[in-house]
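See below for the structure under consideration.
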There are 2 protein chains.
Amino acid sequence: MSDIGVSETNFEVKSNDAKSVDGKANESRANETREKILNAAERLFMEFGYDATSMRHITSEAEVNLAAVNYHFGSKEALIQEVFRRRLDWLNDERLRVLDEMEAEVNGGPLKPSQIVDAMFGTLLRMANDESVGGSTFVRLLGRTLTDPSKFINTFLAREHAYVMDRFKNALFKALPDVPKSEIIWRFHFMLGATSYAITGADALTGVTDWQLSPSDKDERPDLLLPRLMSFLLGGLRAPLPQLPIFPQSGNASQGAHDSIY
Amino acid sequence: MSDIGVSETNFEVKSNDAKSVDGKANESRANETREKILNAAERLFMEFGYDATSMRHITSEAEVNLAAVNYHFGSKEALIQEVFRRRLDWLNDERLRVLDEMEAEVNGGPLKPSQIVDAMFGTLLRMANDESVGGSTFVRLLGRTLTDPSKFINTFLAREHAYVMDRFKNALFKALPDVPKSEIIWRFHFMLGATSYAITGADALTGVTDWQLSPSDKDERPDLLLPRLMSFLLGGLRAPLPQLPIFPQSGNASQGAHDSIY
DNA sequence: TGACAATTCATACGTTCGTTTTAAACATAT
DNA sequence: ATATGTTTAAAACGAACGTATGAATTGTCA
C-alpha cells in the first residue's frame with residue numbers, strides 16, 4: 001500500500017533472542033513461559049490442527065498472556081516451527097545414533113533390513129512411550145502433519161528430514177543391492193504412510209473401521225503396536241517385486257531387468 | 001444469546017432442494033453452477049485443505065457469485081460433505097460391486113487375499129485414472145482427509161465408510177481363518193495408511209524423501225503405482241505374525257496360539 | 001406477454017483472527 | 001539503586017472469515 005517495498009520497521013530483531021542480548025536475566029522464568037506455550041500448542045495442534053487452533057486458545061490453555069507468543073516466538077508460524085523443531089531434533093538425532101551404532105558393528109557391510117526399519121520406525125514408536133521427549137502427543141501430531149496440505153509446514157518438515165532420509169535410503173540400497181532403487185524408495189514411502197496412519201489412526205479413524213477389537217487390544221499399548229507394525233513393514237519391504245507393465249518410451253535407466261528378491 | 005433455544009428462523013428449508021418445490025425451472029443452469037462449485041471446492045480442498053480454503057476462494061475459482069454456495073448448499077460445512085458424498089457414493093458402490101461379483105464366483109467360499117485387497121485399494125487407484133468420477137484430484141483429497149483432525153469430517157467419513165469397511169473386514173476374516181481378527185484389523189489399518197500416503201505423498205512429501213527417482217518414474221503414472229502398491233500390501237498382509245509379549249491380564253480371547261500363516 | 005419462482009448479484013453484517021501497542025508491575029544481575 | 005529483561009493487563013488494529021439480505025436478472029409456463 002505504501003511507497004516502496006523497503007519498509008521502515010525494525011521487525012523481528014527482538015523476538016528471537018531477546019533474552020541473550022546482555023546477560024541471562026530471568027532465564028528460568030522466560031523458559032518456563034516458553035515451555036508452557038510450546039506444550040499447550042503441541043497438544044492443541046495435535047487435537048484440532050494448525051488452522052483451527054487460535055492464539056487465544058493456546059495462551060488460554062497455557063495460562064499466559066496473549067501477547068506472550070508474539071513476544072517469545074514472533075509469530076504463530078514461528079511457534080509451530082519451534083514446536084516441531086525441539087522434538088524432531090531429538091528424534092532424528094536418536095535415529096542417526098542407532099543407525100551409526102549398527103553400521104559400526106558391521107564394519108562397512110550391509111545391514112539387515114529389519115535393523116534399518118527398526119532404527120527408523122521403531123525409534124519413532126519408542127519415542128511415543130517416552131514422556132520426557134513429548135510422548136505420544138508429539139508423535140501423533142507428527143504423523144498427522146506428514147499429510148498436511150500447508151505449504152510452509154511441508155517445506156519445513158522436508159528440510160528437517162532431509163539428511164536422515166538420505167542416510168536411511170542409502171542404508172536400504174546397500175542392504176538390498178538386487179532391488180531397484182526406485183522400488184526401494186516407493187516402499188519406503190509405503191512404510192512411512194503405514195506408520196503415520198497407525199499412530200494417528202488409532203484415534204482419528206476409529207469410526208472408519210469400527211475396530212470391534214477386544215478391549216484389551218484397544219487401549220493405549222504402543223508396545224503392542226510396534227511388533228505388529230514391524231511385521232507388516234518387513235513383509236511389505238521384502239515382498240516379491242511387482243510385474244511392471246512394459247515401458248513405451250523407455251530411454252532412461254535400464255528399467256527392464258528387475259531381478260526378484262527371492 | 002437470545003431468550004429460548006427455539007429460534008424463529010425458517011433456516012435450511014430452501015437450500016437443499018430449492019429447485020424441486022414447484023417444477024424444474026432453470027434446472028440446467030442451477031446444476032451447472034452447483035457442479036462448478038463442487039469441482040472448484042474439490043480442487044482447492046485438495047490443494048490447501050479445508051480450513052485454509054475460503055468461500056471467496058472457491059467462488060472465485062468457480063466463477064460464480066459468493067452467495068451461490070450458501071444458496072445451493074446452505075453452508076461451507078454442507079458443501080464439503082457434498083464434495084465427498086458425490087464421489088464416495090460411486091467409489092464405495094464400485095467396491096461393493098467388485099466384491100459381490102467375486103463372492104458370487106466362489107459360492108460362499110473364501111476369497112484370495114489378493115482379490116480382496118484389489119477390490120478395496122485397486123478400485124481406489126483405478127478411480128484416480130477415471131476423470132469422469134473425479135480422477136486423481138478427489139482420490140488425493142480423500143487420502144489427505146483420512147488423517148484430518150476436524151471432528152465433523154471424521155464422523156462424516158466414518159459414517160460413509162462404515163458398511164464397506166465391515167464387508168471387507170469380514171471377507172478378510174473368511175479368507176484368513178487362522179489369523180486372529182485383531183491382527184487382520186491392524187493390518188487393514190496399515191494398508192489404509194500406506195495407500196492414502198502413497199496417493200497424497202507423491203506430491204506433498206516429495207521433499208521429505210527427495211525422491212531422486214528417474215524422471216520416468218516421477219511423472220503421474222498411477223498405473224505403475226498400482227502393481228507396486230499391491231505387492232507391498234500383500235507382502236505386509238501375509239507377513240509372519242509378530243511375537244507379541246505375554247499379556248498379564250489376559251482373560252479374553254485365546255491370544256496365545258497365533259498360528260503362522262506360512 | 002405477463003406473472004412468478006428460481007437464480008444471480010453487489011453489498012453489508014457481525015465475528016474472529018493474528019498482531020501490535022501502551023502502560024504498569026515484577027524479577028534478577030551488576 | 002539502577003538497568004535489563006520478562007510478564008501481565010486491556011485495548012485496539014486491519015484483515016479475512018462465513019453468512020445474510022434485498023434488489024436485479026433470468027428462464028419457464030400460464
Side-chain angles (χ1 to χ4, degrees), chain A residues 1-2 7-37 41 44-45 48-60 62-80 150 152, chain B residues 1-2 7-37 41 44-45 48-60 62-80 150 152:
Chain A
M1 282 294 186
S2 68
S7 80
E8 68 280 23
T9 59
N10 56 347
F11 192 53
E12 190 75 20
V13 180
K14 68 165 193 295
S15 56
N16 252 342
D17 272 45
K19 60 209 160 301
S20 62
V21 171
D22 172 76
K24 43 194 152 57
N26 292 340
E27 197 173 300
S28 70
R29 198 162 55 111
N31 283 345
E32 197 175 300
T33 300
R34 270 179 64 95
E35 291 215 351
K36 283 202 291 184
I37 293 173
L44 292 173
F45 287 151
F48 302 106
Y50 176 68
D51 282 315
T53 301
S54 70
M55 303 279 267
R56 287 164 178 86
H57 198 171
I58 295 171
T59 52
S60 164
E63 294 180 301
V64 300
N65 189 267
L66 169 61
V69 172
N70 285 284
Y71 176 80
H72 282 286
F73 300 95
S75 68
K76 186 185 182 185
E77 196 164 305
L79 168 62
I80 192 177
S150 171
F152 89 91
Chain B
M1 285 286 185
S2 64
S7 79
E8 69 279 23
T9 59
N10 55 345
F11 194 54
E12 191 75 20
V13 180
K14 68 164 195 293
S15 57
N16 253 343
D17 271 46
K19 62 209 160 300
S20 62
V21 172
D22 171 76
K24 43 189 150 58
N26 291 345
E27 195 174 300
S28 70
R29 198 162 55 112
N31 283 345
E32 198 176 299
T33 301
R34 269 179 64 97
E35 291 216 349
K36 283 202 293 185
I37 293 173
L44 292 173
F45 286 151
F48 303 107
Y50 176 68
D51 281 315
T53 300
S54 69
M55 302 281 265
R56 286 161 178 86
H57 199 172
I58 295 170
T59 52
S60 165
E63 294 180 301
V64 300
N65 191 268
L66 169 61
V69 172
N70 284 284
Y71 176 79
H72 284 284
F73 300 95
S75 68
K76 187 187 182 185
E77 196 164 305
L79 168 62
I80 194 178
S150 170
F152 89 92

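A, B, ... follow the sequence lines: proteins, then strands. Residue 1 opens every chain.
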Worksheet item: Which one, D:dG18, C:dG18, D:dT8, comes nearest to the side chain of A:R56?
Response: C:dG18
Worksheet entry | Which nucleotide in C:dG18, D:dT6, D:dA9 has an atom nearest any side-chain atom of A:N65 | D:dA9
Just the rounded figure in Å: distance from [atom2] of [N] to [atom1] of [X].
{"X": "B:I37", "N": "C:dC9", "atom1": "CD1", "atom2": "P", "value": "11 Å"}
{"X": "B:H72", "N": "C:dA5", "atom1": "NE2", "atom2": "C1'", "value": "14 Å"}
{"X": "A:I58", "N": "C:dT16", "atom1": "CD1", "atom2": "P", "value": "17 Å"}
{"X": "A:E35", "N": "D:dT6", "atom1": "CD", "atom2": "P", "value": "15 Å"}
{"X": "B:K76", "N": "D:dA16", "atom1": "NZ", "atom2": "C1'", "value": "11 Å"}
{"X": "A:M55", "N": "C:dC17", "atom1": "CE", "atom2": "P", "value": "11 Å"}
{"X": "B:Y50", "N": "D:dG18", "atom1": "OH", "atom2": "P", "value": "8 Å"}
{"X": "B:R34", "N": "C:dT7", "atom1": "CZ", "atom2": "C1'", "value": "13 Å"}

Discussion item. Regarding B:V69, tell me which of base, sugar-phosphate or nothing describes its non-hydrogen contacts under 4.0 Å with the strands shown.
Written reply: nothing
Practice prompt. Remember a base hit wins even if backbone is also touched, and classify B:T53 as base, sugar-phosphate or nothing at under 4.0 Å, heavy atoms.
Written response: sugar-phosphate
Worksheet, complete the sentence: OH of B:Y71 to OG1 of B:T33, rounded to nearest 0.5 Å, is 10.0 Å
Fill in: From CD1 (B:I58) to CD1 (B:I37), nearest 0.5 Å
8.5 Å
Worksheet item: Within a strict 4.5 Å, meaning less than it, do heavy atoms of the B:I80 and B:F152 side chains meet?
Response: yes
Worksheet item: Is B:R34 close to B:N31 at the side-chain level, that is, under 4.5 Å between some pair of heavy atoms?
Response: yes
Think [X] has a side-chain N or O under 4.0 angstrom from the OP1 or OP2 of [N]?
{"X": "A:Y71", "N": "D:dT6", "result": "yes"}
{"X": "B:S75", "N": "D:dG18", "result": "no"}
{"X": "A:T33", "N": "D:dT7", "result": "yes"}

Discussion item. At less than 3.5 Å, do the side-chain atoms of B:N70 and the base atoms of D:dA20 form a donor-acceptor pair?
Written reply: no
Discussion item. Treating A:K76 as the side-chain partner and A:V69 as the backbone partner, does any N or O pair qualify as donor plus acceptor under 3.5 Å?
Written reply: no
Worksheet item: When the nearest nucleotide of DNA chain C is assigned to A:D51 and to A:A67 on a heavy-atom basis, which residue is associated with the more 5' position?
Response: A:D51
